[in-house]
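Written below as structure tokens is the structure these notes are about.
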Protein chains: 2
Amino acid sequence: MKIGAISKATGLGIHTIRFYEKKGLIHRAKKDDSGHRVYNSKDVELLNWIACMKNSGMPLSRIENYAHAFYSDNNLASLNILEDHLNKLYQQQADLQHYIDVTSEKVARLKKS
Amino acid sequence: MKIGAISKATGLGIHTIRFYEKKGLIHRAKKDDSGHRVYNSKDVELLNWIACMKNSGMPLSRIENYAHAFYSDNNLASLNILEDHLNKLYQQQADLQHYIDVTSEKVARLKKS
DNA sequence: TAACTACCTAGACCATACTCTAGGTCAAGA
DNA sequence: TCTTGACCTAGAGTATGGTCTAGGTAGTTA
């Protein structure tokens with residue numbers, strides 16, 4: 001699987017994947033005889049997780065921690081990071097609920113006036 | 001009320017408030033005899049809303065639309081923007097729930113292994 | 001063989017949203 | 001009067017996260 005294929009599989013752009021590699025977010029991919037990057041299903045799995053975490057607002061610096069744990073096959077470390085992430089998502093959920101409440105209230109007030 | 005006071009009142013930095021003014025997000029403030037910006041309670045209200053919308057992920061370009069409606073005292077326009085914003089918040093809520101589900105599942109799986 | 005496509009590298013460029021600096025004014029307190 | 005602190009302007013610098021360009025290689029297709 002080359003970069004174009006994994007790009008399609010994960011929804012991340014080719015430039016973005018190379019950018020993540022350059023940043024150290026993902027490991028330097030193995031290259032085939034032509035010097036083209038080669039990916040496997042584990043890479044797809046990781047990049048899909050990266051996309052998921054990114055979309056839920058995790059900064060790349062934190063995603064990098066998760067990626068390191070993922071590569072080290074250190075389930076405990078991965079678990080810690082994911083639980084931490086989950087807590088952040090719950091916090092986000094609470095904040096979001098607050099913004100929804102405040103905004104709904106304002107909408108209701110405007111509708112009455 | 002000068003810029004330092006409104007900064008404390010809204011939690012936005014002094015530089016940030018001047019930056020918002022420069023961007024056209026908020027109106028150019030009136031100046032006193034010393035050339036210092038003067039704010040009133042309506043400005044506090046708007047800046048608090050801006051902070052709220054910003055924290056819930058609205059880009060400044062969209063916040064600007066709301067600010068224009070706010071200044072024009074056009075309740076209908078404000079209402080439209082706020083309802084639109086509310087819909088985006090609900091969408092965010094659904095997305096967030098999805099990320100929570102997926103992450104919880106992964107956490108549960110890791111705990112079993 | 002020529003064109004076409006996907007890939008490569010290094011590095012420039014972009015958008016967003018600040019954040020700070022330099023150099024200066026002004027009013028009040030010691 | 002001198003110093004301190006809050007303010008001013010214009011513009012430079014920073015952080016994040018991409019996105020694109022130039023110039024080139026390699027394999028496949030007409």
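Atom-to-atom, NZ of B:K30 to P of D:dC8 comes out at 16 Å; the value is rounded to the nearest Å. Across the protein-nucleic acid pair, B:H36 atom NE2 and D:dC7 atom C1' stand 4 Å apart, rounded to whole Å. Look at OH on B:Y39: it is 11 Å from C1' on D:dC7, rounded to the nearest Å. Atom CG of A:N55 and atom P of D:dG17 are 13 Å apart (whole Å). Atom NZ of B:K31 is separated from atom C1' of D:dC8 by 7 Å (rounded to the nearest Å). Straight-line distance from the CE atom of A:M53 to the P atom of D:dG17: 13 Å, rounded to whole Å. The NZ atom of B:K8 sits 7 Å away from the P atom of D:dA6 (whole-angstrom rounding). The NZ atom of A:K22 sits 14 Å away from the P atom of D:dC20 (whole-angstrom rounding).
Mapping B:K2 and A:Y20 onto DNA chain D by nearest heavy atom places B:K2 closer to the 5' end of the strand. Comparing B:S61 and B:R18 along DNA chain C, the residue whose closest nucleotide (by nearest heavy atom) sits nearer the 5' end is B:S61.
Connection of A:L12 to A:V38 is not established within any shared hydrophobic cluster, with ILVMFWY side chains joined at heavy-atom distances below 4.5 Å, either directly or through further cluster members.
Using a 4.0 Å cut-off between charged nitrogen and carboxylate oxygen, B:K106 and A:E83 do not count as a salt-bridge pair. Contact check on A:E21 versus A:K30 returns no salt bridge, with no Lys/Arg side-chain nitrogen under 4.0 Å from an Asp/Glu carboxylate oxygen. Under 4.0 Å is where a charged nitrogen must lie from a carboxylate oxygen, and between A:D32 and A:R37 no such pair does. A salt bridge links B:K42 with B:D73; the closest basic N to acidic carboxylate O contact falls under 4.0 Å.
No contact: A:K23 has no heavy atom under 4.0 Å from any strand.
Side-chain atoms of B:R37 lie closest to D:dC8 of the nucleotides D:dC20, D:dC8, D:dC7.
Listed pair A:S34 / D:dT25 fails the phosphate criterion, with no side-chain N or O lying under 4.0 Å from OP1 or OP2.
At a threshold of 4.5 Å between non-hydrogen side-chain atoms, the residues B:H85 and B:M53 count as touching.
Taking the 5' to 3' direction, DNA chain C first and last meets chain A under 4.0 angstrom from a heavy atom at C:dC7 to C:dG11.
Partner B:D95 forms a side-chain hydrogen bond (donor to acceptor under 3.5 Å, both in side chains) with one of B:Q92, B:Q91, B:H98 and no other, that one being B:Q91.
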